[in-house]
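For reference, the structure is listed below as structure tokens.
Sequential numbering from 1 along the given sequence is applied to the chain's residues.
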Amino acid sequence: MMHAIIPERCADRRRALETGSKRMLKRSILFLIKAAMTAAVLVSFLLVAVRYYPETDFHFWGFVAFGALYLALFLLFSSTYRCFLIGVLRLRELVFSFILATLLTNCLAYLVLALTAKSMLRAGPMCLLVIAQWAAGILLLLLGNRLSYRLREVRDAAVVVGTERSAEQVLQRFETVRERYRITAVFHASDGAERLLEELAPYSTVIVGHVEPSLRLRLMDACFVQNKRLFLIPSVQDILFHGAHETFVGDSLVYLCRNRAMPLGQRAVKRLTDVLFSVIGIVLTSPIMLAAAIAVKAYDGGPVLYRQERYTKDCKRFLLVKFRSMIVDAEKDGAQLTVDNDPRITPVGRVLRRTRIDELPQFFNILRGEMSLVGPRAERIENVEYYCALLPEFRYRMKVKAGLTGYAQIFGHYNTSYEEKLKMDLLYIENSSMLLDLKLLFLTARALLLPSSTAGFRHATLREECADAAAQQAGTATAAGRTAPTATQTTPPNAPAAAAPSPAAQQAEAAEKTGSTRRKPGSAA
């Protein structure tokens with residue numbers, strides 16, 4: 001018996017060493033590629049500055065200091081836009097991030113050079129420099145991306161969920177990272193903790209969806225002890241706890257949840273920033289807004305602007321202003337969501353939506369104090385009332401002003417589910433600061449370049465779009481008594497009570513309880 005165990009342990013150790021060597025090789029190669037990108041950007045700029053801008057007349061140490069400043073700016077923007085996350089972000093996102101990082105770095109460097117020379121310098125050399133940096137950076141990103149996937153070992157992962165519907169959602173989310181994680185089994189929480197721990201033993205990665213807190217703690221403890229990689233699908237309560245601060249009461253460690261947004265001083269600075277940037281935005285984009293207004297009016301002769309009542313901080317209502325991108329009377333039959341290839345969107349409106357020009361008039365909402373530059377998306381009245389009936393915590397996002405950009409607008413899409421948008425908005429509210437606002441403003445530029453951020457919903461009505469989420473809520477939050485409201489059920493955002501389960505939701509819950517407890521990924525989609 002002992003002779004049979006020893007070769008097996010040696011084989012396991014050999015595989016572990018091979019895996020560790022491959023990871024070390026991959027990290028070394030990626031580090032060299034990142035270093036090559038940084039060196040190429042820095043050296044090319046210094047060569048251009050010396051050769052084409054002698055007016056600056058830097059001394060040696062001044063030249064070194066300016067090179068260090070340029071390097072710091074590039075690393076700052078690269079970190080903000082995450083253009084060094086090779087193998088983590090998709091290649092398209094890496095390219096967009098690198099383009100923005102180098103563009104902003106060179107723009108600031110050009111301004112510093114011009115101030116040093118006390119005159120406007122020729123822009124031609126800087127433009128050629130930017131193009132050359134883009135070409136070199138994209139080639140290195142292509143090389144690093146390909147090598148990363150060649151050397152990467154795909155991890156086998158197992159999923160633990162509370163409902164069949166939850167399993168489908170987890171599989172859909174991790175389908176976008178299938179080159180890193182391969183889901184080979186799905187287990188149901190009803191199997192029990194002991195059986196689940198036995199079934200999960202062979203897997204190096206565990207994904208835990210919406211399950212009972214006691215079971216989640218058992219799984220977290222087992223993964224910690226066995227050094228397994230663990231993914232947790234957070235609940236709204238997890239997000240609220242995320243912003244807690246460590247403090248001590250006597251000799252005891254406690255977590256403090258302040259449950260409020262920025263301090264008074266930061267709120268005053270935020271308001272001044274809103275006013276300043278909205279005025280600058282109106283001035284700089286006025287030619288674009290004028291062209292958009294002419295195009296909208298010339299297409300069908302209808303009104304240029306579209307006004308709609310929305311919610312902002314403390315459930316106050318205001319009229320949000322946008323350029324009209326749909327036909328006149330697009331909602332004569334009632335409120336509808338925008339779907340992919342929506343026939344109500346005009347050709348001009350399609351361009352305005354894709355470029356986000358239709359949202360430029362919201363600078364006037366910001367100037368009037370109804371909105372902020374950064375904050376949760378301003379939702380229409382019908383949507384908020386419906387979502388609050390479905391998920392009462394949705395009203396938490398109205399603790400701050402609605403924003404032109406924010407976590408959900410940047411990291412989510414237009415058709416992201418209401419629950420995921422709520423989590424992103426609460427993540428911003430719990431960690432809000434001027435530094436975070438500044439970071440999100442920079443990240444907005446990258447979001448504008450990604451067409452997926454403007455994708456429409458699959459269904460045209462709220463009830464159809466929320467039906468899938470309601471089925472999941474019926475299985476995972478029955479104790480809280482939540483379900484999708486009917487067409488006549490609406491709850492104001494500040495209502496404390498949640499809707500009672502409907503017969504349809506109870507039937508869905510019963511059907512889920514009789515389903516299989518273990519499935520292969522192919523049967524879950």
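Under a 3.5 Å cut-off, the side chain of Asp437 and the backbone N or O of Met434 do not form any donor-acceptor pair. Between the side chain of Asn145 and the backbone N or O of Leu141 there is no donor-acceptor pair closer than 3.5 Å. Under a 3.5 Å cut-off, the side chain of Lys34 and the backbone N or O of Phe84 do form a donor-acceptor pair.
Using the six-membered ring where Trp is involved, Tyr418 and Tyr387 have ring planes that are parallel, under 30° apart on the 30 and 60° scheme.
Contact check for Arg368 versus Asn365: side-chain heavy atoms found under the 4.5 Å cut-off. In this structure, Arg229 and Arg155 have side chains that are in contact, with non-hydrogen atoms separated by less than 4.5 Å.
In the model, Ser97 has no side-chain atom that pairs as donor or acceptor with a side-chain atom of Arg82 under 3.5 Å. No hydrogens or angles considered: a donor-acceptor pair under 3.5 Å links the side chains of Asp274 and Ser372.
At a threshold of 4.0 Å, the pair Arg90-Glu93 does not count as salt-bridged, since none of the basic side-chain nitrogens sits closer than that to a carboxylate oxygen.
Within the structure, the side chain to side chain donor-acceptor pair (under 3.5 Å) test picks out the following pairs touching residues 112-139 (sequence neighbours left out): Ser44-Gln133, Tyr70-Gln133, Thr102-Trp134, Asn106-Gln133.
No more than 12 heavy-atom neighbours from other residues, nucleotides or ligands sit within 6.0 angstrom of OH on Tyr52.
For the pairing with Phe45, the ring pair (Phe, Tyr, Trp, His ring centres under 6.0 Å) check across Phe66, Phe63, Tyr53, Phe74 returns one residue only, Phe66.
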